[in-house]
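What follows is one structure encoded as structure tokens, with my remarks underneath.
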Amino acid sequence: MSYVLAVDQGTTSTRCILFDRRATVVSAVRTEHPQSYPRPGWVEHDAARIWRDLQRLIRKVLADVDPSEVAAIGIANQRETVVLWDRASGVPVAPAIVWQDTRTDVSTIDPDFVRSRTGLPPATYFSATKIQWLLDNGLRDRAERGDVLFGTMDSWLIWNLTGGLHITDVTNASRTMLMNLSTLDWDDELLQLFGIPRVMLPEIRSSSEVYGTAGAVLPGVPIAAAIGDQQAALFGQTCFEPGEAKCTYGTGGFLLMNTGATPVRSGHGLITTVGYRIGDERPVFALEGSIAIAGSLVQWVRDGLGLIGTASEIETLAGSVADNGGCYIVPAFSGLYAPYWHSEARGVIVGLTSYITKGHLARAVLEATGWQTRDVVDAMNADSGLALTALNVDGGMTADNLLMQIVADFLQVPVVRPMVAETVSLGAAYAAGLAVGYWSDLRDLRANRHSAGRWRPTLDSGRREREYARWRRAIDCAVLFSRED
Amino acid sequence: MSHVPGLIQSIERSSAVLRLLAAGPDRLRVKEVADALGLPKSTAHSILRTLEHVGFVEQDTRTARYRLGRGLLDLGSAGIDANELRGRALNWADALASRSGEEVRLGVLDDGRVLVVHHVFRPDDSAQSLDTGVRLPPHATALGKVLLAYSAAAEASVVAGGLEPYTRRTVTDRRALARTLTETRARGWGLSVEEWRPGLAGIAAPVRTSGGLVVGAVGIAGPVERLTDTRRLARPALVDHVVAAARSISRDVAGS
């Protein structure tokens, strides 16, 4: 057996990557799928199209490889997105509602109750209210008869790959707002609250075990992993010890910290989630915090202000000055998230003088991502009682060396970029490979880990804390400015 | 349309498009350009799209009208931002480090030196530090030889500045350097063996943007015994990895 096949079914694209035992990318293919915005706030995907894409991609990535050389398939997927399909025909009964979709409402839901059961603050983001919306719009009877099934993208793809196995993994289930974090099973009271019949839900399995074998596309190959994409990145970055964390920098940022065998309840509004579960071992939990605006702030500087021609030029511009000149940008474009939680706050640029140039603004843009990372890490350290010792990074913005140095300076820990950039796919491959013995254990996986770059903190602590105090005052300004008249 | 035989018609037409756009403050539609020059609309469109691709014109996304691009303002620069180059090279450079087992650097010419714009660690988990931003001597490194091989002006200026010896193998004679650069151009990759630091060798290849313009060099560096054979010649398998990575990065850069 030579390879493990990873599927990364993401929000904008699906990719298939073949890894060898040393975790080297042997072959990689990807295709984008359309985003449908039928009304303001609505975001939909065509699940049938995504399944067709996947079949084509699997054939393409295996063009020069015999299926018998594939030891296992692992699936990582966009989380929370809801697919409902007909049990008999296997055809989706409605467009898939994507995690970004805000058509539903959670204002009447008791936040303490939901948080105590699921570890999640009620939000339209999670699956529960999306399923509820679809049932309320004409599918309830069929669902109660057991004719309509629910799944996140992992379930939908596994159903199709196996020809009718209806399962999900515990990381995906932990994002539905329907799973009890203590029992790791569907919670009857939550099901009742959202009016969701249990019969339509998949069975919850671990993230790494042989669920079944693939049919026609890859005859006989075991399907051995399913894991939410951000958790897959945590696993792919080999953050196996409590206190180890990764941050994926894209349009926003997703920071996950391994907190070990017990779920840590956050006092700062972070999300408690399952990190991964290998076979029948105890689940490993994680704290998750997101940075709402990171790369999208750079996009705004490019498209909204026209200060740069490409996103990479932000670094060139920021590198033209030695510091921020006293200028700070709080990118609260749609409110402030963890640990502040002011949904009404709006962005501010403060500290302007005639001395400030676009170089200083560019610097403040990168620093805003650095400080937001620091805010989330501080909250995680406080909640978990663990102290972050290094931050593992991935995602497109890791190409920005100045940003990585800023993050290291602001966190005062080294920032490490791994050699394999495709950490989501690698995590899915690792989980699948473990289940079939392609890799023997976590130490075996760790041995594959090599850093491609490492940034050490160099900023002196006095200056860092003065700067941080100013960032906090800038945050106060954002909150103050949006106070109702 | 007059056209002098022996001259390239599409370049004449492209120049006319640029003069037309430069003539007035207004942004122009494809049809206006086609009408003004007496060209079929499809031809005008192809010319505008090509000029947009190389950065000489820009299209307003809302009105679909064209104007002169920022690329014309800094014709003297390389045409690609160093940080943009790193972003495009990132995955390929990682793969090169992973396949070759050696550290990888991406360099551009800057003021007569090789400026390291990207550095990937050797994948052996030994203690290493990033040397992005470091400047290397062009005549003594593989990256530098590649960059000089495709820039006669840079070669002249480096020679004029004096070829400083770093080891006893450093090429310090201008004619010897010229021979090395000719050889580098002929085979399409550069080599330096203990010319900068004793015990170290480097293999590098050019990164080209559209039209073949060399905008950078990517290469590996490591101990002489790993990069070369007993006759101090570059190991062919490593050369293949370096050249393939440079081609992939070039495709990415040229396609942008």
Side-chain angles (χ1 to χ4, degrees), chain A residues 17 19-20 22-28 30 238 295 298 302-303 306-320 362 366 393-405 408 414-423 426 446-456 458, chain B residues 52 55 58 60-62 69-74 77-106 108 110 115-134 241 248-249 252-253 256:
Chain A
I17 298 185
F19 288 97
D20 66 14
R22 288 168 58 207
T24 310
V25 174
V26 175
S27 162
R30 75 187 284 267
T238 65
V298 177
R302 184 191 65 196
D303 303 333
L307 285 182
I308 48 176
T310 65
S312 306
E313 286 171 27
I314 194 80
E315 185 180 355
T316 312
L317 195 52
S320 68
L366 296 182
V393 295
D394 49 66
M397 281 184 98
T398 56
D400 192 322
N401 277 357
L402 180 56
L403 174 65
M404 294 301 106
Q405 184 62 51
V415 166
V416 185
R417 188 172 77 80
M419 195 68 82
V420 179
E422 301 283 356
T423 55
L426 185 59
R446 263 284 163 103
N448 286 327
R449 187 196 160 85
H450 302 295
S451 46
R454 170 184 279 260
W455 292 265
R456 293 187 187 81
T458 54
Chain B
E52 186 184 19
E58 284 169 14
D60 187 309
T61 47
R62 275 170 316 171
R70 301 193 317 160
L72 281 176
L73 299 176
D74 53 2
S77 78
I80 183 163
D81 180 88
N83 294 313
E84 175 76 16
L85 189 58
R86 182 195 312 121
R88 305 221 167 244
L90 200 66
N91 285 342
W92 305 114
D94 285 352
L96 176 57
S98 178
R99 294 200 175 111
S100 67
E102 303 295 345
E103 59 182 325
V104 172
R105 285 184 184 77
L106 179 70
V108 298
D110 183 66
L115 174 65
V116 176
V117 297
H118 184 42
H119 178 200
V120 182
F121 290 167
R122 190 173 53 250
D124 63 2
D125 288 333
S126 59
Q128 300 167 68
S129 49
L130 281 178
D131 60 9
T132 311
V134 165
H241 287 318
S248 300
I249 299 167
D252 218 317
V253 170
S256 58

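To find a chain, count down the sequence lines: A is the first, B the second, and so on, and within it residues start at 1.
- Between A:I308 and A:V298 the shortest side-chain heavy-atom distance falls below 4.5 Å.
- No part of B:E103 comes within reach of chain A, as not one of its non-hydrogen atoms sits under 4.5 angstrom from that chain.
- In this structure B:R99 satisfies the salt bridge (Lys or Arg N to Asp or Glu O under 4.0 Å) test with no other residue, sequence neighbours excluded.
- Within the 4.5 angstrom heavy-atom criterion, only side-chain atoms of A:R22, from C-beta onward, approach chain B.
- Ranked by heavy-atom pairs shorter than 4.5 Å toward chain B, the options A:S312, A:P418, A:A421 are led by A:S312.
- The residue among A:M419, A:R449, A:R456 with the most heavy atom pairs within less than 4.5 Å of chain B is A:M419.
- Contacts of A:F19 classified as ring pair (Phe, Tyr, Trp, His ring centres under 6.0 Å), with partners at least two apart in sequence or in another chain: none.
- Using a 4.5 Å heavy-atom cutoff, the side chains of A:R417 and B:L130 are not in contact.
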